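One structure is given below, encoded as structure tokens.
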Amino acid sequence: MTVTALPGAAGRSRRATLRRNFWRGVWRVLRRKPSRMAGVAICALFAVMGVAGPLLYPAHLPRDDDALYAPPSLSHPFGTDFEGTDVLALVVTGSRYVLLTGLATAVITVALGTAVGLFAGFRRGWQDTLLMRLTDLNLAIPGLPLLLVLSTVWKFESPLEMGLVLGLLGWGGIARAVRSQTLSLRERGFIEAARGLGLPTTHIIGRELLPSMAPYIAMNMLIAVTGAVYAQVGLFFLGVLPFEANNWGVMLNLAVFSGGALTTPAALPYLLAPLLAILLLTLGIVLVVDAMDEIFNPRLREE
Amino acid sequence: MTRATANRAGALARRVAGHVARGLVMIWLVATISFVIIREIPGDPVLAMYESMLQKGMSPDQAERATAVLYGFLPKGSLWEQYTGYMGSLLHFDLGRSLSTPGVEVTSLIGSAASWTVLPVLAGTLLSFLLGVTMGVYAAVRRSGRLGDLLALSGSLLHGVPVYVIGLLLTAIFATLWPILPSGGPVDVEFTPGLNAGYLGSLVRHAVLPVVTYTLASYGGWILAMKSNVVTVLGDDFILAAELRGLRRGIVFRYLARNAILPLFTILALSIGMLFGGSIFIEEIFNYPGLGLLLVNSISSRDYALMGGTFLVITIGIVVANIVADLLYSVIDPRVRSGGTA
Amino acid sequence: MKRLATFAALMAIVTATATACGGAAATDAGAEVDVYTTIDGTKQINASAPINPFNPVGSVFTGYNGMALAWARNHPTDPNRFYPALARSWTQSPDGAQVDIHLQPEARWSDGKPVTSEDVRVSIGLAYTQGGTAYALDPKAAGAAADVRVLDAKTIRVTQGANRSAAFLANLLSTVVVPAHVYGALLPRGFWDTLKVAQHDRGPAGERAKAVITGLADKVIAFSPEQDVSAGPFVLERVNPGAALLRRNPYFYNSRAIGPDKVKVLNYTGNEQIWNYLISGQLDNAPFTSVPAAVMERIRGARGSQVITGYSPVATSLAFNQSHKPYDNVHVRRALAYLIDREQVTRIAAPEGGTPAATTSGIHAKAARAWLGDGFAELEPYRLDPAKAAAELRAAGMKLRDGRWTMPDGSPWKVEIHVPASFSDWVSAAKSISSGLGDHGIDATVLTAADYSLYLSELAKGEYDLGFWLIGLGPSPYNIFQRLFGQANGWQMFGGRLTHVPPGTGGNWMGGPRTVEVAGEGLVDPGELTSRLNYVSPGEQRRIVGVLARIANEQLPAVQLWDYVNTQFVNTSRYTGFPPDDSEMLRLSSGVWMQLGMIRKRQP
Amino acid sequence: MERHLTAPGVRIRGLTVVYNTPSGELPAVSGVDLTLAPGTITGVVGESGSGKSTLALSMLNAVQPPGRISAGSVEIDGLGDVVRLRGEELRRTRGRKVGYVFQAAQNSLNPLKTIGAQLLDLGRSHDVGDLRALVRDARELLGRMGMDGARVLDSRQHELSGGMRQRVGIMFALVLDARVVVLDEPTTALDMITQATILRIIREVHDERALTTLVITHDVGAVAEVADDLAVMYGGRVVEHGPVAEVLGAPEHPYTRGLIRAIPRLSGDLGLARALPGRPPTLGTLPAAGCVFRERCESSLDLCRTAEPVPAARAGRTVACHLPGPHAVPVKRKEYA
């Protein structure tokens, strides 16, 4: 009907308004269910724990030789481990490795997946075919079995290395989804229109394509964090990864296989503390993703 | 019309052929990659076996007697020679001889493990699918109600909780604290294998915990997927249109369910393909002798042939499932079937 | 939906049938059958493996359906003490060169055929294809059987080669016996002549003959008899991936002594499964398993549960790579020994399965006392002593800066302790040690290897500074010290000749010096001394063990952490009459106990 | 134009529909009175958010949550008050008595089933005894609309073009012989030629079958071609209602004027075409008191800020405005309320 060309200044202010509206929307969605606030709080808590947690404790955690597997008490809310170290301290100091791996994995997964998907969907032609074959290959390789095999070849000495490997194994799904999104945007004439206006490719990708996919990508990133946490904790739990630092998977492994946590209640707190941490992290991320889902996917909105 | 049918059949055949060709290339690539990685794995399997025997209290002489001969089972020749030999025998479906079970063909080891994997994982997959789909519909329809919310949250959480956590907790409860179910093994050896009540009963009793674990672990994914599909379809105009045309609730529900479940069938096909990988964690926790456990054991015993073979079979499962899922989708979804003009 | 459910049900039935197929008619265990449930700690149950004792994972269980000539007693110092099995008795000539074996007159295979000298001869022939000390093809190898002669149906004479070994009798008596009428065909015609050529010809003909015999190994290992033919108290009925079921062999020579009708050997993939079985009282006997204290309490609390402890000739040590600095310096090694609180480490890592090492001698304390007598008390005990440790570190030139020890040149020193991730007791121990070192100003960290195989190969390549290592594998003194002064430390036996290879080659990762100065002995070659343990007289053995124990104590190629205790779990609610604590039977399986007249059904 | 005697009349009285939002219940339609004379086509125009679609759904008592009809009635001759219908009764009314045609761009058909199968579902739902006859009727209707009926019944949604889908939608609304038909944006997203065809079909079928038809659209041009009467909605209210030629020819309400002026085709002068200032109100931005249009009104009075204008009859129509119109001749309110 009416095409109103917006002058630059108005555009900027409109964008600012949009942003304000967006944050207002976020706040509204969060406020509607207190559980979502809890989710954000939990995620923030873990972020703080990962960044500042290890600083709260000395490099060598204190041990109490007379309190091996001590039951929970005021001074040890989750009891102590096999050599009398406070379990809570272990969970807190161990979070950095776990979360860093998760983050590294998520960043690599998302960056690689998005780049491949965008490029393939944008370029089409033989590059698309080639990249999609690569994606198929990535999806066809069984991840956990390969990790098991790799763990004997590769020493995952740093969380970043671990994240790199997990990320390299996991980008296929996102690449495929981003590509189909790109193609559908393309079908809707998005790209052609931008081309017609003489906008450069980087602008089209950076300003037009990415923003419309950003919510999807952000949600995937969060999900990738949990995926990576489980994968690495699971590998440590199986005991196939060499470990030097303390982390949750190592705690699980030691609790079950040398503490007998599943056989006797004595070491149960030692097992439950990292499990609780995992559950809490999951819960936090699930709640945040739920909120994001509603913010970005209006269909789920019921108003 | 007949020509159109013929064309369609021809197109399908070409599609299948294309998929199969691509699948073969994929399998070859994976075989090559896994071959290289596996040969790069450090570790002396015979030495490890010897030292483990000492650890278990065997005398050094006994341990030496038991392991010396195994050196003959290690791969010989340059990497390239091994590779060409490996590929050559692959063409004859020969995966080589096992080192950890010396004197036994890898194919027969994989065969017997696969039969143990298929039972619980397939049962678990189908159970969780049925359960998840039903609950997913409910959670979507009642998404503003408390129960619907709870269901969705349970789905998210179960989907999020790693399978090993579920397995460990179930073992702790049902095999240790309240031992009503066996904690390990596939079937009680006291029963003669065959179609007799004792054997089948024991089979089922032993499968309960792995199946329940698997069901719980994958149920969350199904409920979430189904819920989101149902919500999407609920928002689709044709559902409202159907209601406004006064269609019976049952019919509207069928419209809803069919449209929502359709995309899940391809995922189901994929997860059935994945089942050849078994669930490493479940099999490890419940000592269930499937392919996952076989792979773990082959890695720790550096059984190169078995490792490569198991890995390959798992991959083939996934590749075949991908092909099936793709074809299945084009068969069950009319929009894809005719090339979709919409 | 309906269709889907039908499909699901159908699939379930199909798979159930598929896995259930392949069985004979149902003859299930009746209600009145006594089943004895146990675990074989030495092997995993493998339903695909043949019923063949030569196969390392074969479904032959020692003492049940696997029989040897005799069963080794668990004696701290004498490896030549045995309980009779298929051999009722044996006589060794005074010079040890020749052994006459007298078989049980009543011994029969489970198909009713008698056990004869020919069975033993075939078994020895098959053993040659597999290699091993008593059946080495190399005539120079110590303690190889050179001649096998059947004297009559129940008597056989085996003669040792020129290069005699003290372990000959023990190795011979441990020979596994298989039925000639099942396995005989594996030995080609003219096998014994080929064996003679292989043993005596130094030329190409000998090499060819050796190749022929070792070439049989694969065939022997893969040989899969249709059914089990056993001379033991039990015979294999069935095996599946979770367990093996054996039924009583009515032809067993001492069948009256056997209590249970059936034996069920359960498989296990992790210790925690054994713990669970024990707590629920399912097992009549379980072999030694590392058990945390809290679990132990619950096991003891289970009805009828009882723990039998005895001697286990194995010790755990933390071994040094002496080609890496600063561990080449004996003062550093001693300092670390003074800083490791073995009591605490053992309490954490092996509260039930180990006793803290009294000192480092390379020998399990119980055997050490027997070997060394008063000499044992004279060894430096290396009690926890930070002051002595500091003095040793200073003697090594290490520097103390801001409360942390550094290398002599001031560069940081980080003690990296390596352990395989799969051994939970070692992991806990290593963590405890590193924490303890940290308390005393030494930066220490634990690095795990993904699995034992990787660990051993990296250890052997010399990639680790410190690693956990089993020592004191008695009772044979050679086996004991060969762990400290054998291949891992550069001494190799080739064709009966001892050579020494430099560190980093040929599996020499300990990298110790070839000779050391010993007070009162002068310069000695510990590897050479160790190899002599094989054939010298008992008196000389005692002297050498004394010297080697002193070297181990002074030079500390490894710090002995704890000596294992053989902890056997039994449950007396169904069966009684288990061997007592410290019985010499304890390292043998329940099957052997039954053969020896132990284990009776509990009378209500 | 022959008018069938059985065409039912529809009377909407005081209809209020509210939506439940975080800031409380907000009205999307407030107190609308609207009478559809039997056998006429009434067009409803308005910007998006004016409440016209909600009004259309109210005709079938099908306002979707979180919305609900909070007051008022929709009386249809022979049916009674639709708002009061519940359960089976309501379901049987939908489709059978009141037909509803979706916006053309929307997918109102089950993508997995052929049109024929969906037709049978419809028949079974309404207990049609003779399904064969139903199929025959459908084929005929489709043929009437210029399509190969048999072929269309054999197709699925994705095999049909937008115009074809729209005709199929009309067929579904009519095949059970419903006498009241609601068309929601029937021509949106169709090309000009198809639009014209659809509008022609609507007119023809309407006349043939003696229907009472409500056409919802934002396209004033389309409505001008097809409707007898025209209702203009703004902010959940009907601001002007009268015979189409009069309302378009001499708009009384400032909003109607603005609306017409924005369309070059109608204003006749391309240079004069200009958009309405400001943005259409949403649920949350409606003024709480006074005239809902006053903020965009070019000639608002002080009165407009405080008092909400009551619909009043003037110039042969009903207008809700404080401004005295150019043809301030009172008419009987009854005719177009």
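Within every chain, numbering begins at 1; the chains are lettered A, B, ... in the order of the sequence lines, protein sequences first and strands thereafter. Quick caveat, the model's predicted, so the values are computed rather than measured. All heavy atoms count here, side chains included; hydrogens, waters and symmetry mates do not.
If you measure heavy-atom distances from A:V233 to chain B, the contacts under 4.5 Å come from both the backbone and the side chain. Looking at A:L146, the atoms closer than 4.5 Å to chain B (heavy atoms on both sides) sit in the backbone and in the side chain alike. With a threshold of 4.5 angstrom between heavy atoms, A:L283 approaches chain B through its backbone and through its side chain. Contact annotation for A:L148: both backbone and side-chain heavy atoms come within less than 4.5 Å of a heavy atom of chain B. Contacts of B:I299 with chain A are made by side-chain atoms alone, with heavy-atom separations under 4.5 Å and no backbone atom involved. Of the two parts of A:L252, only the side chain, counted from C-beta on, holds a non-hydrogen atom closer than 4.5 Å to a non-hydrogen atom of chain B.
In terms of non-hydrogen atom pairs under 4.5 Å with chain A, the most contact-rich of B:R22, B:M307, B:E284 is B:R22.
For A:M221 against A:A106, the heavy-atom pair with the smallest separation is O-CB, 3.5 Å. Of all heavy-atom pairs spanning A:L99 and A:L281, the tightest one is CD2-CD2, 4.0 Å. The minimum heavy-atom distance linking B:M26 with A:L137 is given by the pair SD-CA, 3.4 Å.
Side-chain atoms of B:D303 and B:S298 include no donor-acceptor pair closer than 3.5 Å.
A:M251 CE to A:L275 CG: the interatomic distance, rounded to the nearest 0.5 Å, is 9.5 Å.
Below 30°, between 30° and 60°, or above 60°: for B:Y164 and B:F281 the angle between ring planes is between 30° and 60°, a tilted geometry.
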